[in-house]
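Scroll down for the structure; my scribbles are underneath it.
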Amino acid sequence: MNYWLMKSEPDVFGIEHLQQRPNQTEPWDGVRNYQARNMMRDQMQEGDLAFFYHSNCKVPGIVGVMEIVRAGYPDPTQFDPETKYYDPKSNPDKPRWYLVDVKFKQTFKRTISLTELKEHPELEDMPLVRKGNRLSIMPVTAEQWAFIVGLE
DNA sequence: GCCAACGTTGGC
DNA sequence: GCCAACGTTGGC
């Protein structure tokens with residue numbers, strides 16, 4: 001059982017969108033970063049929990065929790081020229097990009113903002129609060145998870 | 001294999 | 001909208 005944090009722009013796909021999906025479940029597609037890919041492909045397991053983080057918006061921060069309900073499998077959008085995630089260099093016999101399915105669990109009563117997260121020394125090791133880090137998916141330790149949940 | 005140029009992320 | 005930081009690309 002692992003913990004994660006996954007970023008998404010709320011204007012594109014926010015936690016409300018996830019909540020409104022059939023079965024409140026959605027493939028987390030479009031990730032085109034190798035580090036993030038590796039985590040989804042090799043480490044994420046069914047039953048893992050992840051924070052939903054809203055990025056590139058007025059108040060960036062953690063807005064809720066979701067569950068990984070399907071472990072890594074090839075991202076179909078890489079083979080679909082109709083999508084903006086199409087990758088002509090990816091070979092179907094050896095897919096370059098992977099994703100997981102996530103399911104809505106809960107929306108926090110308030111957004112735990114990036115500003116607030118940065119104030120706590122308990123969280124200073126999180127890539128999220130480190131200057132210049134742009135990873136869209138990152139691991140969260142059990143200690144960090146419990147601490148953040150306690151902030152709500 | 002180096003590294004400059006370019007594109008993207010994402011906070012502010 | 002700006003721009004710093006970073007990842008990727010491609011020429012050599």
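Below, chains carry the letters A, B, ... as their sequence lines are ordered, and counting in each starts from 1. These numbers come from the heavy atoms of this one structure, side chains and all, not from hydrogens, waters or symmetry mates.
Each of A/Trp28, A/Tyr73, A/Tyr34 was evaluated against A/Trp97; a single residue qualifies, A/Tyr34, per the ring pair (Phe, Tyr, Trp, His ring centres under 6.0 Å) test.
Looking at heavy-atom distances under 4.0 Å, A/Lys118 makes contact with sugar-phosphate atoms alone, never a base.
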Which atom pairs, donor and acceptor, lie under 3.5 Å between side-chain atoms of residues 58-70 of chain A and protein residues at least two apart or in another chain?
none

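In terms of position on DNA chain C, the residue among A/Asn56 and A/Lys131 whose nearest nucleotide sits closer to the 5' end is A/Asn56.
Evaluation of the salt bridge (Lys or Arg N to Asp or Glu O under 4.0 Å) test over residues 13-34 of chain A, restricted to residues two or more places apart or in two chains, returns A/Arg21-A/Glu26, A/Arg32-A/Asp75.
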Notebook entry, point to check: Quick one: what's the B/S/- string for nucleotides 7-12 of chain C, heavy-atom cutoff under 4.0 Å, read 5' to 3'?
Noted result: SS-S--
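Checked by atom type, the side-chain pair A/Gln78/A/Ser90 shows a donor-acceptor distance below 3.5 Å.
Looking only at distances, no side-chain donor or acceptor of A/Asn23 sits under 3.5 Å from a matching main-chain atom of A/Thr25.
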